Each structure stands twice: as C-alpha cells, then as structure tokens.
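Following: one structure in structure tokens, then a few remarks.
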Amino acid sequence: MARKPRAGPASDPELLILSSLASGAKHGYAIMMDIESFAGVALGPGTLYTAITRLVERKLIAPQTGEGRQRPYRLTAKGAAVLSEQLNEMRRVANLGLARLRPA
Amino acid sequence: MNQQWIVRALLRIYPTTWRAEYAAELEDMLMVRPLSVAVICDVLKGALLERLRATDAATRTGLVAMLLIGAAIVPLPVLENSSKTFPTIVVKPFMTEWYVLVLVACGYLRYSDKPGRAAIKTTFIAGLPVMLAGVLMWMGVLDLSAREFTFAYDIAEGQTVSPLAVIGAPLSYLPQAWIWGCVGGKLGRRFSQNNVEAVS
C-alpha cells in the first residue's frame, strides 16, 4: 500500500527522484523501488509521475529512448547541480541543528 | 470491471498532451501490482493536478468564482430581482465592482489571445452552480419559490420562480463579461506596447 511521504525536505518527491537518478538512469518503476529501499518512502505512481513531469519540464531530468514502453530517465547536468546545491544546504542545516542539540 | 479497465479510466482523466507522453509508462506501472484504494486516490490526485496545470487562467478564475458562488448559494441570497424586463433575475456577485475587476484582469492577462472569450469562459464556469440550481428546480428536485435566502425581494403569494429565469441569469451576463474582457485586453495590449517602446 503506498504510504504518503513523511513531511520534511528529505521526503520531497522531486528530491528523492533526483537522488535516485544520481546513481544512473532508471525507468519509473525502478525509481520507485530505489526510493523505497534507500529512503523508506513509498511514492504513489501518481505522485511519482507528477514529480517526473515537473522535473522534465524544468530540464533537471531527461527521458531516454528505451526498449518497450518504459522510458529510462537520466539526470541532466543542471539536475545534478540543483541536487548538489539542495543536499549541501540540507547538510548545512542538519549540522547546525545537531550542533545546537548537543549539550553545551 | 477488471483492473485494466479501471487503469484506463483513470488515465483518461489526465490531459491529452500528458497522456501522449507518460500514459504508457504509468499504465504499465499500475498493472504490475493489484490496485489499492490508496493507489487509485493517488493517481486521481495526480490527474486532477495535471488537469489544473493544463487549464488556462480564465478557467481557473472561473472555477474559484464557481466555488465561491456555490458555497454562498445556500446561506446567502445570490440571486435578486432585476430592474430590467430581461433578464428578470440577476446573479448578485456578477453585479459587483469586484467581479468587473476580475473580468478586466482576465482580459488583461489574455490580451494576446481572445480576451473577451476568456472573460465569457470565466463567467460561464462561475455561473454553473446557479444554472445547476435552475435545472434542479426544473426537475422538481429543488424548490426555491418560498425561500427568502435566494431572493432579495418579496415573492407574491402563489407566485413561483421560473427555473428558466434562474438558468438564464448567469447566461444573460455573458455579453457584459465579453465587453469587460475586451476592455482588459485593450489595457493589456496598450501596456505591452508601451513596454516594447520603452525597451527599444
């Protein structure tokens, strides 16, 4: 049963898809399975393809010709740059938050 | 009604251009596992979002106005007696200055592509709850004749409200909507010409 992603930046469907494609081109079903394995988040098919549509429009990912009806998607250079920027920002915030949580 | 039938019905809700691009992939993904209610709701949500994204500003404005009028139609009087021979009933929100601004803004945003028609579309969609009420009156499902919340004037005893008048009330505003949309379109064209001259 598809679970709604947990709230928070790390559960953002677009960020998860970009992270999944950082390891190589995948088609939709493989993206969904990969996200479920590394993030523990089960994206619904509707949510997945809505996010894929946005990412293709913003040229962060690009479809490739594939065998059969399933097209693989690959991360573009622009997508890699955006992903890197977002993850670095999250790391900065995470480090700050963890530092503040540590007892003085 | 098997799974494939349900999947194809769900996919038909997506816009045509979107389906041309992604429907095959999504169909294959949906056929891999049994459909659950959660998956169906998720796909429905995606389809409605894509439909909304594919609509133009006039349709979106009309939908918002329709929801507001639809929500107001029960507790508030949205129809009132007209001072003219035709139409006999008018839709009060359409008579406000605010609505005129909405139509001018509609035409302004669509100045390059039929601004008058955009304003007509907005008004038609916004008037759907009223037209629906008229149809329900005609079918005898709804009786507004004795309910003061719908009309701002006193109905004479024994007088019934014509369902056709209720259905026609939003439609009678369409020519006016077209005019205001064209006004907005003129403003939009004039503003864009000024911008082009200023840049050059």
Side-chain angles (χ1 to χ4, degrees), chain A residues 1-7 11-18 20-21 24-37 39-76 79, chain B residues 1-64 67 109-110 112-113 118:
Chain A
M1 186 171 162
R3 291 192 314 278
K4 208 174 160 182
R6 294 187 302 272
S11 62
D12 177 50
E14 293 182 14
L15 187 65
L16 291 170
I17 292 169
L18 291 175
S20 173
L21 292 177
K26 296 178 188 69
H27 54 65
Y29 190 74
I31 294 172
M32 198 165 76
M33 294 290 106
D34 187 42
I35 289 171
E36 201 166 335
S37 76
V41 168
L43 290 183
T47 304
L48 176 73
Y49 272 93
T50 301
I52 285 176
T53 308
R54 302 279 172 287
L55 291 170
V56 168
E57 281 172 7
R58 288 164 57 195
K59 296 185 171 35
L60 301 183
I61 67 176
Q64 297 180 295
T65 32
E67 290 174 15
R69 303 194 328 155
Q70 287 286 327
R71 289 181 304 178
Y73 294 89
R74 63 168 181 84
L75 193 64
T76 60
Chain B
M1 194 190 290
N2 58 16
Q3 182 162 336
Q4 187 157 53
W5 188 92
I6 296 173
V7 165
R8 290 206 169 146
L10 284 171
L11 289 176
R12 233 172 261 129
I13 302 171
Y14 282 89
T16 312
T17 43
W18 192 95
R19 284 205 307 272
E21 203 58 39
Y22 301 104
E25 297 173 48
L26 185 52
E27 183 179 353
D28 286 350
M29 188 182 290
L30 292 171
M31 293 303 296
V32 163
R33 301 195 246 196
L35 283 180
S36 65
V37 172
V39 169
I40 292 172
C41 291
D42 182 65
V43 175
L44 259 175
K45 186 182 101 178
L48 291 173
L49 281 173
E50 290 303 323
R51 274 276 169 194
L52 266 176
R53 284 186 72 238
T55 54
D56 56 13
T59 305
R60 282 198 288 269
T61 312
L63 285 171
V64 170
L67 288 172
L109 292 170
R110 287 283 297 271
S112 60
D113 180 25

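In what follows, chains carry the letters A, B, and so on, assigned in the order in which the sequence lines appear, proteins first and then strands, with residues in each chain numbered from 1. Computed from a predicted model, the values in this text were never measured in an experiment.
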(request) Spell out the residues in residues 12-24 of chain B that have some non-hydrogen atom less than 4.5 Å away from a non-hydrogen atom of chain A, in order of number; otherwise answer 'none'. (result) Y14(B), W18(B), E21(B), Y22(B), A24(B)
(message) Checking Y73(A) against V56(A) for the side-chain contact (heavy atoms from CB on, under 4.5 Å) test, could you report, in this order, the C-alpha distance in whole Å, the side-chain angles of both residues, the deciding distance, and whether it holds?
(response) CA-CA 9 Å; Y73(A) 294 89; V56(A) 168; 4.0 Å; yes
(request) Using atom types as modelled and distance alone, determine if a side-chain donor or acceptor of Q4(B) lies under 3.5 Å from a backbone N or O of E27(B). (result) no
(request) Kindly say whether A62(A) contributes a backbone atom to a donor-acceptor pair with the side chain of T76(A) at under 3.5 angstrom? (result) no
(request) State whether a side-chain donor-acceptor pair under 3.5 Å links Y49(A) with E25(B). (result) yes
(request) Would you give the length of the straight line joining atom CG of L49(B) to atom OG1 of T50(A), rounded to the nearest 0.5 angstrom? (result) 6.0 Å
(request) Kindly indicate whether the side chain of K26(A), heavy atoms from C-beta on, has any atom under 4.5 Å from the side chain of L21(A). (result) yes
(message) Just so I know, are the side chains of L35(B) and V43(B) near enough to count as touching, which here means a heavy-atom distance under 4.5 Å?
(response)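 A side-chain contact is absent here, since even the closest heavy-atom pair is not under 4.5 Å.
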(message) Which atoms of V37(B) are under 4.5 Å from chain A, going by heavy atoms: the side chain, the backbone, both sets, or neither?
(response)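 Neither part, no heavy atoms under 4.5 Å.
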(request) Side chain from CB out, backbone as N, CA, C, O: work out which of these in L26(B) comes under 4.5 Å of a heavy atom of chain A, or both, or neither. (result) both
